Amino acid sequence: MKQHLQTLFEHAFDQLKQQGIIPQDAQVTIYLERTKDPKHGDFACNLAMMLAKHAKRKPTEIAQQLIQCLPTSIHVAKAEIAGPGFINIFLASEAYHSVIESILREKENYGKSQMEQNQSVLIEFVSANPTGPLHIGHGRGAAYGAALANLLQIAGYRVHKEYYVNDAGRQMDILATSIWLRYLDLCGVEITFPVNGYKGDYIWDIAATLHRDNGNTFFHETETIFQDIPSDEPQGGDKETHVDALIARCKQLLGDGYSSVFALGVNTILEDIRQDLEQFGVVYDEWFSEQGLVEHQTVQYAIEQLQQAGYTYTQEGALWFRSSDFEDEKDRVLVRENGQITYFASDIAYHLNKLERGFDKLIDIWGADHHGYVPRVKASIKALGADENRLTIQLVQFATLYRGKEKLAMSTRSGEFVTLRELRQEVGKDAARFFYIQRKSEQHLDFDLELAKSQTSDNPVYYIQYAHARIASVLRQLEEKQQAWTFDNADLKTLTNEHEQALLKTLARYPETVESAAQSYAPHQIAHYLRDLAQDFHVYYNAHTFLVDDESLRNARLSLITAVQQVLRNGLGIIGVSAPDVM
RNA sequence: GUGCCCGUAGUUCAGCCCGGAUAGAACGUUGGCCUCCGGAGCCAAAGGUCACAGGUUCAAAUCCUGUCGGGCACGCCA
């Protein structure tokens, strides 16, 4: 509808140009907006005001000319000038009747767009290191990423969802070593656990499994383990040196056994994460392994590409990437003095790999604390000769948990963070998904557990779901009366009261909302829309009875609310919230 | 210190990309509505220097500059 109107205005615009009222070279984008006030009709256009300067005439005068040149359309009832020069469009009511038909015909496809039909996009999100369970910060990334993926899919993209598994590198070695040390403790060995080790209870669980399956296979005496190991921080040493030495000792003593401890750790935690996300309604097309990159020499290949392009140099034994050539504030290390590649190097390789897989667009979703990392990754894309605009990095702010007024302290360091699983268990999947998504992603989020759990109108999730369930209930009532309804026998012209008009208008707004949300990567717009739609429905419900005796009216109303139910379901589907028939 | 993000009713937030009509919701507060398809609902009222100061414009919450407040990031960590 919006597009239809746009075409009408473009036509009028051209006419005015031909008549010489406005200069030929005047370039203006025509915007149509939904009006806030029904008195202003359905759509408003400010084109006349935009042109006032070009034409050196009053906006109202130009508006008058534009309206005269506006082609007639069966959808438009009237166009009038209002305020400082707006052209308000009033749609013919038939235009809205076709909305119901479209919804009932297209069902779950209502709102789908063909906009980006041949575009493919790879969206990577969460990608938390498999060193422990997901926490509530990851939860927001998961909810946002999954919703964005759905959104882009109905905008017409071919969407590939991917989780990058950091299963190589030092952190993983620390994990394996932590498990081994806990295992030794279970064997009765006296252990001083390193400050830098992973201290969560889940490490004990994995160690217990290791002990159960392998007995004392990996056992060594305290003296052997700690011999010549530099002291840890509390003993006046350096915690990094200490833990690195322990890793080396672990590898040395376990030999081939090291890889099985390592694998047990990664696999256990990864499987836990996978299940956690699945129960959160988030599933991936691919779990992309960093180890795979290393094994396939992709990191080496990426570094060579940079070297050949002349963007690297050696200094103090390390290999550097000259990222400052590309608006990064300083150069970055790719290969450390000790020969180990940095996280950044494998990240470059990963992005190169993504680019080479041929996606039109790459979207990375990161926690906002990584924003300082953006320039160097963009720099690497440019250095590799790719168009940096193929990559979009969306930053997601962390969430702060509240229980009513009380702010919940959260410390990742001590391992006392609230996990995503705990959050789900407390408030449920639906509330969690909705609360995560209802704010702009780059906005800090206050997540109130009490509110999310409350089953009252305070809670927008229940408000929306209740609208859906109420409609289901009405349809059940109809069934109990041994009646049925058909769209064919519905007289949509009977839908004349203000509540029905409002509802029709909101329903018609859905495709535009989806399109806009997809364009700006903003699924929160869907949440807001659904709230509006549910509200329009509840108001209608309270004001009118649907199951009336007049058959054509009854069918019309049931067509309308069935359409509402469909759109609620579609919208909730995008943000990953269920649409229950019974609450 | 440098860079990025944020500052809109008592509270939590839309709106800012693309400047336009009286700045919208929700919660909370106050007062109403169940012989009625689910009251997990509805109606009404009160509540705003859009952080502040300049600038651009016929027109600024929206664009530009500065200031002040809050958050985050600034490793041969990941």
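Order of the sequence lines sets the chain letters (A, B, ...), proteins ahead of strands, with each chain counted from 1. On a predicted model such as this, the values are computed, not experimentally measured, just so you know.
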**Prompt:** Parallel under 30°, tilted from 30 to 60°, perpendicular over 60°: which one fits the rings of Y350(A) and F288(A)?
**Reply:** tilted
**Message:** Tell me whether the rings of F537(A) and Y541(A) are parallel (<30°), tilted (30 to 60°) or perpendicular (>60°).
**Reply:** tilted
**Fill in**
Looking only at rA73(B), rC76(B), rC37(B), the nucleotide nearest the F546(A) side chain is rC37(B)
**Message:** Side chain of N88(A) only, heavy atoms from C-beta on: which candidate in rC42(B), rG75(B), rA21(B) is closest?
**Reply:** rA21(B)
**Asked** What does nucleotides 5-18 of chain B look like as a protein-contact string, B for base, S for sugar-phosphate only, - for none, at under 4.0 angstrom between heavy atoms?
**Response** SS-----BSSSB-B
Tabulated below should be each protein N or O lying under 3.5 Å from an N or O of nucleotides 1-4 of chain B; please produce it.
| residue | atom | partner | partner atom | Å |
| --- | --- | --- | --- | --- |
| rG3(B) | N2 | H371(A) | NE2 | 2.4 |

**Message:** From CD1 of I62(A) over to P of rG20(B), roughly how many Å is that when rounded to an integer?
**Reply:** 19 Å
**Complete:** Between CG of N542(A) and P of rA40(B) the distance, given in whole Å, is 11 Å
**Test item: T314(A) side-chain N/O and G317(A) main-chain N/O as donor-acceptor pair under 3.5 Å** = no
**Request:** For rC34(B), decide between syn and anti, treating a glycosidic angle within 90° of 0 as syn.
**Result:** syn
**Item:** Partners passing side chain to side chain donor-acceptor pair (under 3.5 Å) against D238(A) (at least two apart in sequence or in another chain)
**Value:** T241(A)
**Asked** Can you name the side chain to side chain donor-acceptor pair (under 3.5 Å) partners of Y529(A), sequence neighbours left out?
**Response** none
Any base atoms under 4.0 Å from [X], or only sugar-phosphate, or nothing? Heavy atoms, all strands.
X       : value
A44(A)  : base
A82(A)  : base
R170(A) : sugar-phosphate

N/O-N/O pairs, protein side and nucleotides 43-46 of chain B side, under 3.5 Å:
none

**Prompt:** Pairs counted as Watson-Crick or G-U wobble with both distances under 3.5 Å: what dot-bracket string results for RNA chain B, using | for bases tied to another strand?
**Reply:** (((((((..((((......[...)))).(((((.......))))).....(((((..]....))))))))))))....
Name the atoms and distances for all side-chain donor-acceptor pairs under 3.5 Å in residues 543-554 of chain A, with sequence neighbours left out.
| residue | atom | partner | partner atom | Å |
| --- | --- | --- | --- | --- |
| H544(A) | NE2 | N497(A) | ND2 | 3.4 |
| H544(A) | NE2 | H499(A) | ND1 | 3.3 |
| D550(A) | OD1 | S552(A) | N | 3.1 |
| D550(A) | OD1 | S552(A) | OG | 3.2 |
| D550(A) | OD1 | L553(A) | N | 3.4 |
| R554(A) | NH1 | V548(A) | O | 3.0 |
| R554(A) | NH1 | D549(A) | O | 3.4 |

**Request:** Would you mind listing every salt bridge (Lys or Arg N to Asp or Glu O under 4.0 Å) that reaches into residues 431-443 of chain A, with sequence neighbours excluded?
**Result:** none
**Asked** Taking only N and O in the side chain of Y466(A), is any of them less than 4.0 Å away from OP1 or OP2 of rC42(B)?
**Response** no
**Item:** Results of salt bridge (Lys or Arg N to Asp or Glu O under 4.0 Å) for E500(A) - residues two or more places apart only
**Value:** R557(A)
**Message:** Once ring pair (Phe, Tyr, Trp, His ring centres under 6.0 Å) is applied, do any residues pair with Y521(A), and if so which ones, sequence neighbours excluded?
**Reply:** none
**Fill in**
Sorted by chain and residue number, the ring pair (Phe, Tyr, Trp, His ring centres under 6.0 Å) partners of Y163(A) (sequence neighbours excluded) come out as Y284(A), W287(A)
Would you mind writing out the side-chain donor-acceptor pairs for residues 560-567 of chain A within the sub-3.5 Å range, not counting sequence neighbours?
| residue | atom | partner | partner atom | Å |
| --- | --- | --- | --- | --- |
| T562(A) | OG1 | L558(A) | O | 2.6 |
| Q566(A) | OE1 | R569(A) | NH2 | 3.4 |
| Q566(A) | NE2 | N570(A) | OD1 | 2.9 |

**Message:** Looking at rA21(B) and F86(A): do their rings stack (centroid distance under 5.5 Å, interplanar angle under 30°)?
**Reply:** yes
